[in-house]
Protein chains: 2
Amino acid sequence: MSMEEPRKPQATLELVAERAGVSRATVSRVVNGSDRVKAGAKKAVEQAIRELNYVPNRAARSLAQGRSNSIALVVPENTAKFFADPYFAKVVQGAAQYLAGTEFMLTLLLSTESDPAKTTRYLQGGNVDGALVLSHHADDQSYADLGALLPMVYGGRTMSTDQNEIYVVDIDNIAAARQATELIIDRGRSKLAMIAGPQDMGAGLDRLIGFQRAVQDAGLEPVAIEAGDFTPASGHQIMQQMIKNNIEFDGLFAASAQMGFGALQALAEAGISVPEQVSVTAVDDDSFARSSTPPLTTIAQFPERQGEIMAELLIKRIHGEQVPEWSIMDTKLVLRDSH
Amino acid sequence: MSMEEPRKPQATLELVAERAGVSRATVSRVVNGSDRVKAGAKKAVEQAIRELNYVPNRAARSLAQGRSNSIALVVPENTAKFFADPYFAKVVQGAAQYLAGTEFMLTLLLSTESDPAKTTRYLQGGNVDGALVLSHHADDQSYADLGALLPMVYGGRTMSTDQNEIYVVDIDNIAAARQATELIIDRGRSKLAMIAGPQDMGAGLDRLIGFQRAVQDAGLEPVAIEAGDFTPASGHQIMQQMIKNNIEFDGLFAASAQMGFGALQALAEAGISVPEQVSVTAVDDDSFARSSTPPLTTIAQFPERQGEIMAELLIKRIHGEQVPEWSIMDTKLVLRDSH
DNA sequence: TTGAAAGCGCTAACAT
DNA sequence: ATGTTAGCGCTTTCAA
């Protein structure tokens with residue numbers, strides 16, 4: 001059905017102006033929704049735009065305005081797991097969805113290990129108006145200084161010290177872990193083990209703290225604590241090891257649903273029944289939590305919403321609005337059969 | 001530790017030129033790696049760049065060059081599952097990783113249902129030099145015409161007809177499904193059921209065809225075929241239904257590992273043993289395939305590699321190189337315990 | 001090998 | 001309410 005239509009040259013503001021019989025400035029005003037344009041002129045311009053199928057050139061606009069109308073989503077690549085993790089995927093989705101309703105575009109920035117400075121340079125270069133930073137490990141100090149140059153919003157608390165003006169959207173990981181742990185204790189269990197997260201990440205660290213506090217407050221001692229990397233495989237492997245080491249426990253708190261999922265598998269393989277012999281809870285509610293056997297009792301967070309809030313805050317900051325440095329999101333207890 | 005350093009104005013080409021004692025043209029040449037620059041001048045410029053911490057402005061460069069040095073990753077948003085699907089996540093990862101080694105940036109373009117024209121307009125507007133399109137449903141005709149205006153590469157075959165010049169990177173879904181099905185038949189099973197994928201997607205359709213051919217070639221008749229949406233939940237639900245309907249089958253082919261995972265759960269819940277009573281295979285090798293009980297025998301595809309190839313082909317096309325319209329990727333048989 | 005100068009398409013004073 | 005004009009920061013002929 002191709003009509004051999006001669007490929008029209010990309011319409012410009014100037015062309016639209018000519019056709020509508022007005023100046024470029026007027027066209028620009030119409031395009032940008034200024035109200036200082038007579039209805040008649042506006043109509044003419046709009047028609048010309050339609051006829052010419054005009055679309056503004058972003059580069060030109062950016063150059064003239066001195067801003068890019070796009071923001072970066074920075075993803076430390078060392079986190080190869082990043083994309084495999086439903087949590088991050090959802091955060092991205094939430095942010096992208098929010099931005100779809102704005103003038104901003106989302107640029108994916110994989111910060112390569114080979115050349116981390118590349119990312120920094122890009123961010124500094126005025127190529128984006130702000131940045132969303134995810135999966136922030138302790139060694140990612142690279143962006144810390146950028147905070148002064150560019151509005152940034154972090155997903156999950158950073159581990160930086162002596163920093164001011166760090167904008168973070170996160171849940172209260174300590175409280176979440178504590179609550180999940182208490183669930184187990186309330187079941188009358190007293191020999192608690194934990195599969196913790198990476199200790200170079202805020203979420204990993206805080207969930208460990210929450211667990212420890214809950215255990216301590218109950219007058220107990222943890223029987224085992226081992227750190228994984230949030231993946232199902234690590235949960236599986238750690239649990240196998242615990243079993244092999246003949247550790248006696250009747251309760252298990254996993255810092256992520258993915259690790260809980262893996263642990264549950266190892267438990268099943270060893271013929272240990274859940275929740276009868278071991279009561280299990282975790283943080284995160286994702287497809288792993290729902291599809292494990294038995295389904296996991298968890299403290300749910302809402303990653304899409306988190307992404308949305310991150311994007312929203314960033315845009316506000318870009319527009320010069322004041323926003324709180326800390327946005328602590330609510331969590332929700334999801335009772336299933338594992339505890 | 002903040003030093004109250006006065007925020008330096010963003011360095012420009014001009015500033016660099018002044019400092020290095022050369023013209024802007026020369027700086028531009030150095031920046032762009034031209035060889036028509038004397039070693040001395042080059043050195044001076046490089047030092048000035050370092051001292052001023054100069055980073056080229058993309059918008060200005062784009063405007064001058066008439067190209068954006070960025071490409072879009074188009075994601076039909078109706079695919080809310082998109083981000084939850086490890087397959088897509090990996091494709092994105094592969095593409096992003098490849099692009100990190102080039103001058104191109106990746107812009108995430110969620111094509112919103114509310115305003116699909118927005119995406120089209122953006123793509124047309126010369127804002128990107130090319131586009132990668134994923135998860136292409138039959139009704140996504142929106143981009144079809146764009147192919148003439150902008151280099152595009154699809155992940156997974158499209159369902160468009162009468163189209164020329166559609167560039168696609170995919171596996172041979174028919175062959176993959178056939179192979180997976182034959183595995184079951186080779187086990188001596190003759191009452192085969194299939195959980196198919198969405199019939200408005202190439203992958204869904206082709207895997208059904210492959211299954212049917214294998215069954216037919218063996219002189220058999222399928223005992224049940226039901227289409228899901230590639231998610232674990234749909235696999236679970238469909239299998240429950242089949243069991244409830246007292247369908248007799250001793251072999252099951254699932255069009256995706258995720259659906260196979262769900263089906264395996266339903267089977268287990270019904271006390272049906274795998275592979276003893278039912279032999280199960282699927283296409284896709286992901287965390288679901290690995291973590292199901294029993295682990296799934298599958299035909300693996302390599303989504304990261306697919307993303308990589310997609311990006312590579314797109315860049316080549318942008319640079320005017322000729323590339324084949326069809327890139328069929330190899331698959332690999334992964335034997336596990338489910339069949 | 002280098003520089004001068006003309007834009008790229010748009011916005012934003014400033015005038016009118 | 002609308003037009004004029006001067007850039008935004010860079011690339012790229014064209015001359016030298």
Side-chain angles (χ1 to χ4, degrees), chain A residues 8-46 48-49 52-70 103 105 121-122 124-129, chain B residues 8-46 48-49 52-70 103 105 121-122 124-129:
Chain A
K8 294 177 202 157
Q10 185 64 287
T12 67
L13 230 193
E14 174 135 38
L15 259 20
V16 175
E18 275 174 24
R19 183 170 197 119
V22 300
S23 74
R24 298 186 306 173
T26 298
V27 177
S28 178
R29 290 192 184 96
V30 172
V31 168
N32 294 296
S34 160
D35 46 352
R36 314 203 146 282
V37 181
K38 266 225 204 97
K42 188 172 170 191
K43 267 220 139 64
V45 170
E46 280 168 344
I49 288 180
L52 295 171
N53 201 3
Y54 167 75
V55 184
N57 178 310
R58 278 178 81 80
R61 182 184 289 206
S62 292
L63 186 55
Q65 292 184 145
R67 58 203 187 84
S68 66
N69 281 326
S70 69
E103 75 230 275
M105 288 284 123
R121 242 181 295 128
Y122 184 77
Q124 281 180 328
N127 300 308
V128 291
D129 301 329
Chain B
K8 293 176 202 158
Q10 185 61 350
T12 66
L13 230 190
E14 173 135 38
L15 259 19
V16 175
E18 274 173 25
R19 184 171 197 116
V22 299
S23 73
R24 299 185 304 172
T26 299
V27 177
S28 177
R29 291 192 183 97
V30 172
V31 168
N32 295 295
S34 160
D35 45 352
R36 313 206 146 281
V37 180
K38 266 225 204 92
K42 187 172 169 189
K43 267 221 141 65
V45 170
E46 281 167 344
I49 287 179
L52 295 172
N53 201 3
Y54 167 73
V55 183
N57 178 311
R58 277 179 83 77
R61 182 182 285 200
S62 291
L63 186 56
Q65 291 184 145
R67 58 205 189 83
S68 66
N69 281 326
S70 70
E103 76 230 276
M105 288 283 124
R121 243 181 294 127
Y122 184 78
Q124 280 181 329
N127 300 307
V128 291
D129 301 331

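Numbers restart at 1 for each chain; the letters A, B, ... are given by sequence-line order, proteins then strands.
Checked by atom type and distance alone, the side chain of B/Ser62 never pairs as donor or acceptor with a backbone atom of A/Ala59 at under 3.5 Å. For the pair B/Asp129 (side chain) and B/Asn69 (backbone), a donor-acceptor distance under 3.5 Å is present. At distances below 3.5 Å, at least one donor-acceptor pair connects side-chain atoms of A/Ser68 with backbone N or O atoms of A/Asn127.
Protein chain A contacts DNA chain C from C/dG9 to C/dA13, reading 5' to 3' and using non-hydrogen atoms of the protein with a distance under 4.0 Å.
For D/dG3, the OP1/OP2 oxygens have a side-chain nitrogen or oxygen of A/Thr26 closer than 4.0 Å. A sub-4.0 Å separation between OP1 or OP2 of D/dT11 and a side-chain N or O of B/Ser28 is present. Residue B/Asn57 has no polar side-chain atom (N or O) positioned under 4.0 Å from OP1 or OP2 of D/dC8.
Atom CD in A/Glu18 sits about 17 Å away from atom C1' in D/dT2, given to the nearest Å. When the P atom of D/dT11 is taken as reference, atom CZ of B/Arg58 falls 12 Å away, rounded to whole Å.
Contact check for A/Val31 versus A/Pro56: side-chain heavy atoms found under the 4.5 Å cut-off.
Heavy atoms of B/Ala59 sit nowhere under 4.0 angstrom from any nucleic acid atom. Counting any heavy atom pair closer than 4.0 Å across all strands shown, A/Val22 reaches sugar-phosphate atoms only and no base atom.
Take the nearest nucleotide of DNA chain C for B/Gln65 and for B/Ala25: the residue whose nucleotide is more 5' is B/Ala25. Projected onto DNA chain C by closest heavy-atom contact, B/Arg36 and A/Leu63 fall at different nucleotides, the more 5' of which corresponds to B/Arg36.
Closest approach of A/Glu46 to A/Val30, counting heavy atoms only: CG-CG1, 4.1 Å.
We find the CZ-CZ distance between A/Arg61 and A/Arg67 to be 9.0 Å, quoted to the nearest 0.5 Å.
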